[in-house]
Amino acid sequence: MLKTFGVALLGLSFLTLAAVDFRVDIAGLAASGKVKLTAVGGDKLMKLAPMAWHKEETRPYTLFGQLPLKEGEWTVCSFSFKAEEAGVISLSFCGNWTKEAADRPWILVSTLKQNDNLMTNGDFAVTVKRNDKEIPEGFGLTGKAVLGEGPEGAKAALVNHDNRLGRNISVKAGEVCTITVLAKPAAPPEN
């Protein structure tokens with residue numbers, strides 16, 4: 001009886017632990033022109049797939065991926081894709097979706113690189129004020145997303161599924177683009 005009760009409690013504890021994933025949404029749907037995207041795989045890369053929730057005609061211009069994060073640790077999150085056409089694509093960094101909005105986990109995102117080079121202001125060192133909110137220059141923060149502390153004194157964006165860090169980048173036709181970020185589970189922002 002005690003053994004059965006212990007196994008039941010152990011099972012319940014797994015059910016109450018919410019997964020915390022880093023997620024990226026990639027879209028080549030800019031008003032200036034659509035860019036078809038293809039996922040590129042690799043041993044140390046996140047798996048990307050078209051956004052199934054988009055209309056069928058826009059799916060070829062979209063990709064998304066998720067990677068589980070370990071509590072209390074910065075995780076290197078890398079993903080690669082190829083653009084069929086040159087143009088501008090949007091990157092949206094966030095946490096995973098859950099049915100209940102209050103349960104959507106918050107994560108810190110820091111140190112953004114493109115093809116192994118720090119993106120312009122990828123360390124968020126330069127900020128601007130927009131609507132009384134500090135925002136890394138060249139990026140956007142939606143909703144309640146804010147800047148926080150990153151690894152080794154760097155800054156990080158505190159985001160979740162509904163409150164995101166965004167950036168547009170230019171891509172060249174046929175070239176593989178690899179994006180790398182650091183991500184870590186975090187507490188929600190203080191209101």
Side-chain angles (χ1 to χ4, degrees), residues 18-42 44-69 75-101 103-115 119-122 124 135-136 138-148 156-172 175-186 188-189:
V20 178
D21 293 351
F22 164 77
R23 176 173 151 180
V24 63
D25 290 350
I26 309 164
L29 296 167
S32 60
K34 292 182 179 177
V35 177
K36 281 189 179 178
L37 303 169
T38 304
V40 175
K44 295 185 178 185
L45 297 174
M46 292 171 47
K47 183 178 177 185
L48 298 176
M51 295 179 196
W53 56 93
H54 269 252
K55 294 178 183 176
E56 194 169 334
E57 61 269 16
T58 61
R59 285 183 202 151
Y61 308 97
T62 68
L63 293 170
F64 87 103
Q66 287 187 193
L67 184 70
L69 300 177
T75 301
V76 176
C77 306
S78 294
F79 54 92
S80 293
F81 59 91
K82 190 181 337 180
E84 286 189 27
E85 302 86 17
V88 174
I89 60 138
S90 66
L91 301 170
S92 181
F93 304 99
C94 59
N96 53 295
W97 181 87
T98 62
K99 185 174 181 178
E100 297 297 326
D103 295 335
R104 295 178 187 156
W106 288 85
I107 65 170
L108 289 165
V109 176
S110 184
T111 318
L112 284 75
K113 295 181 179 180
Q114 183 175 351
N115 298 329
M119 285 184 181
T120 301
N121 202 34
F124 310 142
I135 296 175
F139 291 85
L141 291 175
T142 65
K144 296 178 182 177
V146 294
L147 284 179
L158 180 60
V159 299
N160 80 351
H161 182 272
D162 303 327
N163 305 279
R164 298 175 175 222
L165 170 70
R167 169 106 186 211
N168 290 338
I169 63 169
S170 294
V171 292
K172 296 179 181 177
E175 290 190 9
V176 174
C177 180
T178 300
I179 305 295
T180 303
V181 305
L182 294 177
K184 177 181 175 181

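From a predicted model like this one, the values you see are computed outputs, not experimental measurements.
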Approximate separation, where rounding is to 0.5 Å, of [X] [atom1] and [Y] [atom2]:
{"X": "Lys82", "Y": "Leu37", "atom1": "NZ", "atom2": "CG", "answer": "12.0 Å"}
{"X": "Thr62", "Y": "Leu48", "atom1": "OG1", "atom2": "CG", "answer": "10.5 Å"}
{"X": "Ile89", "Y": "Arg167", "atom1": "CD1", "atom2": "CZ", "answer": "11.0 Å"}
{"X": "Leu45", "Y": "Thr180", "atom1": "CG", "atom2": "OG1", "answer": "8.0 Å"}
{"X": "Leu63", "Y": "His54", "atom1": "CG", "atom2": "NE2", "answer": "10.5 Å"}
{"X": "Phe81", "Y": "Glu175", "atom1": "CZ", "atom2": "CD", "answer": "11.5 Å"}

| request: Just jot down the ring-ring contact (aromatic ring centres under 6.0 Å, His included) partners of Phe139, sequence neighbours excluded, or say none. | output: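 Scan of Phe139 (ring-ring contact (aromatic ring centres under 6.0 Å, His included), adjacent residues dropped) gives Phe124.
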
Heavy-atom closest pair, residues [X] and [Y]:
{"X": "Ile135", "Y": "Gly140", "result": "CG2-CA, 4.3 Å"}
{"X": "Ala186", "Y": "Leu158", "result": "CB-CD1, 3.6 Å"}
{"X": "Glu85", "Y": "Lys36", "result": "OE1-N, 2.7 Å"}
{"X": "Ala83", "Y": "Val171", "result": "CB-CG2, 3.6 Å"}
{"X": "Arg59", "Y": "Met51", "result": "CG-O, 3.3 Å"}
{"X": "Asp162", "Y": "Ala101", "result": "OD2-CB, 4.3 Å"}

Do [X] and [Y] have side chains that get closer than 4.5 Å, going by heavy atoms?
{"X": "Pro136", "Y": "Leu141", "value": "yes"}
{"X": "Ile179", "Y": "Met119", "value": "yes"}
{"X": "Asn163", "Y": "Trp106", "value": "yes"}

| field | Trace of the side-chain contact (heavy atoms from CB on, under 4.5 Å) decision for Val76 with Leu182 | value | CA-CA 5 Å; Val76 176; Leu182 294 177; 3.7 Å; yes

| field | Verdict with supporting geometry, Cys77 and Val109, side-chain contact (heavy atoms from CB on, under 4.5 Å) | value | CA-CA 10 Å; Cys77 306; Val109 176; over 6 Å; no

Backbone N/O of [Y] and side chain of [X]: donor-acceptor pair under 3.5 Å:
{"X": "Asn96", "Y": "Ala19", "value": "yes"}
{"X": "Asp25", "Y": "Ser92", "value": "no"}
{"X": "Arg164", "Y": "Val159", "value": "no"}

| request: Would you check, one step at a time, whether the test side-chain contact (heavy atoms from CB on, under 4.5 Å) holds for Ile107 with Phe93? | output: CA-CA 10 Å; Ile107 65 170; Phe93 304 99; over 6 Å; no

| said: With a sphere of 6.0 Å drawn around CD of Glu57, does it hold more than 12 non-hydrogen atoms of other residues, nucleotides or ligands? | reply: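 Atom CD in Glu57 is packed in, count exceeds 12.
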
| field | Derivation of the ring pair (Phe, Tyr, Trp, His ring centres under 6.0 Å) call for Phe64 and Trp97 | value | CA-CA 12 Å; Phe64 87 103; Trp97 181 87; over 10 Å; no

